[in-house]
Structures are given as C-alpha cells and as structure tokens.
Amino acid sequence: MGDFNFTPSDPSTFILMGIPGLEAAHIWISIPISTFYIISLLGNFTLLCVVGKEQTLHMPMYLLLCMLALTDIISPTFVMPKALGIFWFKLKGITVAGCLTQMFFIHMVSVMHSAVLVKMAFDRYVAICNPLRYATILTNAQIANLGLVCLIRPVVFILPLPLLLSQQPFCANRIIPNTQCEYIAVVKMACGDITVIRIYSLVIMFVICGFDLTVIALSYSLIIRAVLRISSKKAHQKTLNTCTTHICVMLTYYIPGLFSSLTYRLGQSIAPHVHTILAHLFLLIPPMLNPIIYGVRTKELRDKVGKYTCCRR
C-alpha cells in the first residue's frame with residue numbers, strides 16, 4: 001500500500017517515519033511490539049476484572065493497583081494504533097493538532113502513572129508504619145480523592161506545553177524520526193523562540209520527578225527502618241515481600257524512563273533507531289510486567305486469578 005498522501009511543506013501535517021534506518025524491517029518489528037501490547041492489555045484487563053468482581057479485594061492497595069492498570073492500558077493505546085498503522089500500512093501523516101494531542105496524553109498519563117506509584121508507596125508506609133490507623137487514614141473515599149488529584153495534577157502541569165507549542169511556527173522539515181509525537185522531537189521542529197518552553201519543561205520535569213522520587217524514597221526509608229525493628233521472622237518476611245513487589249514495579253517504570261530520557265538529551269552519538277526502540281520498550285515493557293509481578297508476588301490476587309481461571313476451565 002502506498003504512503004498516506006502528504007507534502008512535506010503542508011503546514012497542517014507532520015510525518016512520522018517509524019523506526020529510522022529499519023524501514024524494511026517494520027513488519028517484523030511489529031510482531032514483538034504488537035505481542036507485548038496484547039499481553040499488557042490482557043494482563044491489565046484481567047487484573048481490573050478480578051478486582052472489580054471480588055469484594056474482598058475492594059481495599060486501598062488493590063484500588064491503587066487498578067489505577068496503575070488503567071494507566072498501563074491507556075498509555076500505549078495512545079501510541080500503538082498509529083505505530084502499527086505506520087508499520088503495516090505506511091500511514092505516516094499526522095496533523096499538527098493530532099500530534100500535539102497525542103503528545104499531551106502520552107506525557108499526561110506518564111505523570112499520572114508516577115503519581116499512582118507515589119500513592120502506592122504512601123499506602124505501604126501507612127500499612128507498615130501505622131497499621132492501627134490504616135483503615136481511618138486510607139479509606140476507599142480517600143483513594144477516590146487521591147485518584148482525582150492524580151488526574152488533575154498532570155492536566156495542570158502538562159497542558160501548557162502543547163498550548164505553547166501550538167503558537168509556534170514549525171520548520172519546513174516536518175519529519176519526526178519516530179512512531180509517536182514525543183515532546184523533544186516536536187520541539188526540535190519549532191522555528192520560533194522556544195526559551196520559555198524549554199525552561200518550563202525542565203522545571204516541571206524536576207518538580208514532578210523530584211517530588212515523586214523524594215516521597216517514594218522517604219516512604220521506603222521509613223518502611224525499611226520499621227521492618228528492621230520487627231522481631232518476628234514471619235512478619236519480617238511478609239513485609240519485605242510486599243515492599244519488594246512495589247519496588248520492582250517502580251524500577252520497571254523509572255529506570256527505563258530515565259535511561260530513555262538521558263539518551264535523548266545526552267546521547268547524541270546513539271543511532272536514531274536505538275532511541276526509537278528504547279522509547280517503545282519503555283512504553284510497553286512496564287505495562288506488560290506489572291500485572292505479572294503483582295500476580296506472581298501477591299498471594300490474594302494470585303488466588304483470585306487462579307479461581308476464575310479454574311472456573312472457566
């Protein structure tokens with residue numbers, strides 16, 4: 001099938017090239033990428049269904065886990081249909097408005113994901129360090145309020161970026177060497193003065209990442225201190241297992257994201273297709289692994305999933 005009709009000088013269109021240098025292998029690359037995406041959807045939808053059906057799982061920990069699953073479903077869904085359209089049908093054109101909208105939702109959901117991880121760290125801190133007050137501090141109503149905060153915060157912080165970029169003139173070369181409209185790629189095409197945009201993006205990156213990582217680190221520092229004071233080996237082991245599960249999920253999110261960001265900003269010698277592949281892995285691997293990690297390491301959830309699997313058999 002021929003390429004989607006566009007002209008490079010069209011002021012209303014950007015061109016997503018897919019994975020630069022590997023265009024001939026797009027069909028083959030789409031196989032593992034679409035497989036990862038399907039697995040992540042199945043895993044996260046299964047988690048949502050099990051928690052939704054089981055009244056015994058309607059607790060703050062599992063409701064937060066459902067929020068995480070929702071972000072894991074939404075985040076790749078804003079990218080994968082267009083990416084597969086490029087890989088399979090060479091549909092490379094995207095409007096400027098569509099590109100800025102996709103960029104907004106990608107980064108908004110990323111900030112939401114980080115906020116949910118902060119809430120999960122706080123949940124474990126209260127459960128371990130203040131167990132007698134857990135039921136009063138973290139009620140289901142409080143979790144709903146926290147979920148609303150998780151939604152409002154990224155909208156407030158991220159929305160100015162596409163609004164500011166929409167006022168910018170873009171250069172004649174409107175080619176993005178990626179399958180998605182990442183912020184850095186869009187900014188590079190702006191021909192006007194982007195000083196304010198760059199400063200604002202750096203400020204929100206340090207504010208959001210700095211705040212979230214500080215709260216998470218502080219929560220787990222206090223948790224570890226509390227765990228070391230536990231005399232019962234059984235309770236000690238159970239607590240460590242819960243913490244390890246959360247830490248694994250956080251590492252699968254923050255480490256690939258940080259590495260991908262650093263390669264974009266500092267790794268000028270790294271080939272463009274490596275940047276693009278890393279971006280796809282960052283987008284797909286954490287959502288695929290999260291339900292597996294929780295399903296394997298959380299006994300209550302594992303038992304409920306097993307119950308429904310056995311019933312269907």
Side-chain angles (χ1 to χ4, degrees), residues 40-75 109 112-153 212 215-216 218-227 230 232 234-253 286-287 289-312:
S40 71
L41 289 181
L42 289 175
N44 286 292
F45 273 120
T46 299
L47 191 152
L48 288 172
C49 290
V50 171
V51 174
K53 289 182 178 181
E54 285 292 333
Q55 290 292 327
T56 57
L57 297 181
H58 290 182
M59 300 184 295
M61 174 182 172
Y62 295 104
L63 295 178
L64 288 170
L65 187 54
C66 286
M67 291 183 192
L68 189 70
L70 283 173
T71 63
D72 284 340
I73 291 170
I74 294 170
S75 183
V109 176
M112 285 176 60
H113 192 112
S114 181
V116 173
L117 293 179
V118 172
K119 305 302 182 291
M120 293 174 75
F122 180 69
D123 169 77
R124 289 301 85 197
Y125 161 74
V126 176
I128 294 167
C129 298
N130 293 283
L132 298 178
R133 298 181 60 198
Y134 181 82
T136 56
I137 294 176
L138 284 175
T139 62
N140 288 351
Q142 289 283 14
I143 294 299
N145 291 332
L146 290 173
L148 186 61
V149 172
C150 288
L151 178 62
I152 292 173
R153 186 184 76 151
D212 289 358
V215 173
I216 290 171
L218 179 61
S219 297
Y220 278 99
S221 297
L222 295 172
I223 287 170
I224 291 171
R225 187 179 70 174
V227 168
I230 297 175
S232 170
K234 186 176 180 179
H236 192 283
Q237 187 64 40
K238 183 178 179 180
T239 305
L240 282 179
N241 283 340
T242 303
C243 293
T244 303
T245 302
H246 284 259
I247 291 170
C248 287
V249 169
M250 291 174 188
L251 291 178
T252 62
Y253 175 76
L289 291 180
N290 287 346
I292 296 173
I293 292 171
Y294 275 101
V296 170
R297 296 192 62 87
T298 307
K299 185 179 184 301
E300 293 85 354
L301 188 59
R302 184 173 65 246
D303 291 343
K304 299 303 181 184
V305 172
K307 184 182 81 170
Y308 283 103
T309 304
C310 292
C311 287
R312 288 178 181 176

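Numbers for residues simply follow the sequence, beginning at 1.
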Side-chain (Thr46) to main-chain (Leu42) donor-acceptor, under 3.5 angstrom: yes
Between the CD1 atom in Ile216 and the CZ atom in Arg124, the distance rounded to the nearest 0.5 Å is 14.5 Å
Can you sort out the partners of Tyr134 under side chain to side chain donor-acceptor pair (under 3.5 Å), two or more places apart, ordered by chain and number? Asp123
Can you list the residues that meet the side chain to side chain contact (heavy atoms under 4.5 Å, CB included) rule with Leu63, with sequence neighbours excluded? Asn140, Ile143
Just verifying a value: how many Å separate Leu64 CG and Phe122 CZ, rounded to the nearest 0.5 Å? 10.5 Å
So, using side chain to side chain donor-acceptor pair (under 3.5 Å) as the criterion, who are the partners of Ser114 when residues are at least two apart? Asp212, Tyr254
Sorted by chain and number, sequence neighbours left out, side chain to side chain contact (heavy atoms under 4.5 Å, CB included) with Thr139 holds for Ala141, Gln142
Partners passing side chain to side chain contact (heavy atoms under 4.5 Å, CB included) against Leu48 (at least two apart in sequence or in another chain): Phe45, Cys66, Ala69, Leu70, Ile73
Smallest separation among heavy atoms of Ala115 and Arg153, with atom names: CB-NH2, 3.5 Å
Can you list the steps and then say if Leu65 with Val51 is a side chain to side chain contact (heavy atoms under 4.5 Å, CB included)? CA-CA 9 Å; Leu65 187 54; Val51 174; 5.6 Å; no
Using a 4.5 Å cut-off on heavy atoms from C-beta on, say whether the side chain of Leu41 contacts that of Asp72. no
Quick check on side chain to side chain contact (heavy atoms under 4.5 Å, CB included): which of Lys119, His113, Met112 does Leu68 satisfy it with? His113
Write down the atom of Ile223, the atom of Ala121, and the distance for their closest heavy-atom approach. CD1-O, 4.2 Å
Does the side chain of Asn130 reach to within under 4.5 Å of the side chain of Tyr125, using non-hydrogen atoms? yes
With side chains defined as the heavy atoms from C-beta onward, is the minimum distance between Tyr62 and Leu47 less than 4.5 Å? no
Going from OG on Ser221 to CZ on Arg225, what distance comes out if it is rounded to the nearest 0.5 angstrom? 9.5 Å
Report the residues that fulfil side chain to side chain contact (heavy atoms under 4.5 Å, CB included) with Thr136, sequence neighbours left out, ordered by chain and then residue number. Arg133
Sub-4.5 Å side-chain heavy-atom contact between Met120 and Met67: no
Heavy atoms only: give me the nearest Ala226-Ile128 pair and the separation to one decimal. CB-CG2, 4.3 Å
